[in-house]
Number of protein chains: 2
Amino acid sequence: MPKIVDHDLRRRELAEAVWRVIARDGVDQVSIRTVAAESGWSTGALRHYFSTRAELLAFACELVIDKVATRISTTRYVGSPREVVRDVLLQTMPADANRHTEASIAFAFLALGLGDPALARVQRLHFTGMYDLCLALIRDLDAKGLLAPHTATVESLARRLHALVDGLSVHVLAGHLDAEEMIAQLDAYLGELVGQPGTSRAHRMPAPTDVPSARGARGPEDGRTGAHGTGTSSGHRRRRKRS
Amino acid sequence: MPKIVDHDLRRRELAEAVWRVIARDGVDQVSIRTVAAESGWSTGALRHYFSTRAELLAFACELVIDKVATRISTTRYVGSPREVVRDVLLQTMPADANRHTEASIAFAFLALGLGDPALARVQRLHFTGMYDLCLALIRDLDAKGLLAPHTATVESLARRLHALVDGLSVHVLAGHLDAEEMIAQLDAYLGELVGQPGTSRAHRMPAPTDVPSARGARGPEDGRTGAHGTGTSSGHRRRRKRS
DNA sequence: CACTTTACCGCACGATCGTGCTATAAAGAA
DNA sequence: TTCTTTATAGCACGATCGTGCGGTAAAGTG
């Protein structure tokens with residue numbers, strides 16, 4: 001047998017090059033050649049791992065979705081139930097530079113999905129997973145008796161929470177809000193969901209709370225070594241052999 | 001003087017061709033040639049009205065924003081203040097086929113704006129205008145004493161309403177919600193803002209209520225004949241002279 | 001009529017696109 | 001060693017892109 005490379009690992013590496021191109025130059029700058037240049041490979045090498053451009057994009061889209069799902073389900077959360085809910089939801093929002101980049105990539109794919117049914121299908125799964133997560137969080141608060149008196153069903157509350165989270169995210173991505181304001185509004189909304197108490201650190205419940213998984217949500221283990229950092233931070237530009 | 005055409009009118013006609021291409025084939029199918037074919041003009045004719053592709057896109061983006069701003073400020077609203085608020089906000093949301101198309105176009109531009117600072121600037125103005133509109137609506141409810149007891153500022157309530165509106169819209173555009181569910185959730189949220197009463201038609205106030213303008217919001221008059229229907233419905237395909 | 005100005009067409013250029021293809025390098029198996 | 005299989009490079013093809021530009025039709029003025 002000749003030189004063997006981990007195909008799945010290489011595909012992830014190339015997908016991350018797609019992310020960097022999208023984050024830096026916009027989604028309409030993604031081409032086989034630009035991704036090849038960004039990753040340091042040749043166009044011919046790319047075709048060994050993705051037979052078509054659409055396949056590359058679909059993989060990069062799925063991967064960024066998996067990335068946040070994995071982070072949600074592997075992060076340990078501390079604090080009151082309300083703080084846990086807040087921090088879980090913030091995992092999907094542009095709360096810092098890393099998540100801003102991540103969210104803008106996911107958002108770019110979302111727009112691309114308006115004209116690409118294959119991408120749209122992947123994204124609907126993501127939305128369904130996020131709604132299920134919101135519903136589970138709300139149900140958890142309800143079971144703990146922390147929800148303020150309400151007339152709506154928990155499903156209705158979850159739908160609105162989900163919409164608020166995505167709406168706030170879009171507003172930050174569009175430059176209409178900054179991250180602090182976004183977080184403040186999320187906090188304010190959660191403050192209306194539970195009793196009045198603000199972000200009070202009193203009444204803390206230090207035991208890490210279980211977080212309902214967002215989707216099929218396979219853990220960090222799917223053949224690889226665990227949390228090795230799928231982060232965008234691995235932006236090493238490989239140098240070419242020639243030219 | 002030779003043949004004179006209304007430049008602004010022609011530019012609008014071409015921008016509507018851009019909208020149709022985006023709605024039918026996706027934003028990445030917009031090129032000078034496809035827009036020329038869609039509008040029935042030649043590529044050379046296009047260049048008489050837009051010297052560059054970016055200029056064409058920017059104009060089409062601004063125009064779709066103006067279109068909803070104009071509709072908001074020219075529609076007469078009837079019903080209780082709460083119903084007025086609902087109907088005003090629904091003007092920007094994919095509540096029916098027409099508005100769905102319109103919203104998907106605006107959304108496509110939004111993603112395009114992530115990589116184009118000029119477009120991003122236009123869109124920030126739009127978001128600011130929409131926030132101001134939400135704030136004015138909330139203040140109107142507050143002045144009428146219709147707001148349920150709340151601890152938050154009206155600005156905070158407006159921010160969250162704005163985010164909910166856009167979040168629900170995105171969820172419909174992504175195929176995650178249908179229009180009815182979206183409207184139901186908007187209604188439910190407004191039901192929490194004001195007193196408990198649902199969408200009850202009792203206690204109606206039939207006098208058309210004034211709607212605070214969304215932006216600089218010039219009326220429908222800006223040199224043209226008024227409400228002549230800037231609608232996407234004017235999809236007449238012009239036949240070429242030859243070929 | 002001729003003349004001027006605007007509207008419009010459509011070709012041409014160079015760049016870039018996705019993708020098929022061949023040639024070569026590398027690495028274990030025999 | 002030779003052979004077989006995989007990995008990678010990079011060229012070539014046809015299509016499409018944005019845009020510049022010259023030519024022609026039309027409409028009003030003199």
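Not measured: the values here are computed from a predicted model. Lettering of chains follows the sequences in order, A, B, ..., and the numbering in each one begins at 1.
Look at OH on Tyr49(A): it is 13 Å from C1' on dA9(D), rounded to the nearest Å. Note: NE2 (His48(B)) to C1' (dC9(C)) measures 9 Å, nearest angstrom. The CD1-C1' distance, from Ile4(B) to dA26(D), rounds to 12 Å in whole Å. Between the CH2 atom of Trp41(B) and the P atom of dA25(D) there is a distance of 17 Å, rounded to whole Å. Nucleotide dC9(C) holds its C1' atom 12 Å from the CG atom of Leu46(B), rounded to whole Å. Taking atom CG on Leu9(A) and atom P on dA7(D), their separation rounds to 13 Å, with Å as the unit.
Taking the six-membered ring for Trp and thresholds of 30 and 60 degrees, Phe127(B) and His171(A) have ring planes more than 60 degrees apart, a perpendicular arrangement. Ring geometry for Tyr189(B) versus Tyr189(A): interplanar angle under 30°, hence parallel rather than tilted (30 to 60°).
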How far apart are the C-alpha atoms of Val170(A) and His176(A), what are their side-chain angles, what is the distance that settles it, and do they pass the side chain to side chain contact (heavy atoms under 4.5 Å, CB included) test?
CA-CA 9 Å; Val170(A) 167; His176(A) 176 240; over 6 Å; no
Please assess Arg11(B) against Glu62(B) for the test salt bridge (charged side-chain N to carboxylate O under 4.0 Å, His left out), listing each intermediate value before the final yes or no.
CA-CA 12 Å; Arg11(B) 284 162 68 94; Glu62(B) 279 192 76; over 6 Å; no
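One distance of note links CZ of Phe109(B) with CG of Leu63(B); it measures 9.5 Å at 0.5 Å rounding.
The residue Phe50(A) sits apart from the nucleic acid: no heavy atom pair falls under 4.0 Å.
By the 4.5 Å heavy-atom criterion applied to side chains, Arg20(B) and Thr101(B) are not counted as neighbours. At a threshold of 4.5 Å between non-hydrogen side-chain atoms, the residues Thr92(A) and Met130(A) count as touching.
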For nucleotides 16-19 of chain D, list the nitrogen or oxygen atoms of the protein found under 3.5 Å from its nitrogen or oxygen atoms, one pair per line.
| unit_1 | atom_1 | unit_2 | atom_2 | d |
| --- | --- | --- | --- | --- |
| dC17(D) | OP1 | Ser31(B) | OG | 3.3 |
| dC17(D) | N4 | Arg33(B) | NH2 | 3.4 |
| dG18(D) | OP1 | Arg53(B) | NH1 | 3.3 |
| dG18(D) | OP2 | Ile32(B) | N | 2.9 |
| dG18(D) | N7 | Arg33(B) | NH2 | 2.7 |
| dG18(D) | O6 | Arg33(B) | NH2 | 2.7 |
| dT19(D) | OP1 | Thr52(B) | OG1 | 3.1 |
| dT19(D) | OP2 | Thr52(B) | OG1 | 3.4 |
| dT19(D) | OP2 | Arg53(B) | N | 2.7 |

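Helical stems in DNA chain D, defined as runs of 3 or more consecutive Watson-Crick or G-U wobble pairs with both donor-acceptor distances under 3.5 Å, are listed by first residue as C:1-28 with D:3-30.
A donor atom on one side chain and an acceptor atom on the other are not found under 3.5 Å apart for Thr128(B) and Arg124(B).
Side chain of Arg160(B) to backbone of Leu164(A): no donor-acceptor contact under 3.5 angstrom is found.
Where Gly44(A) and His7(A) each meet DNA chain D at their nearest nucleotide, the meeting point lying more 5' is that of His7(A).
Closest contact between the side chain of Val5(B) and the listed nucleotides dC8(C), dG10(D), dA7(D) involves dC8(C).
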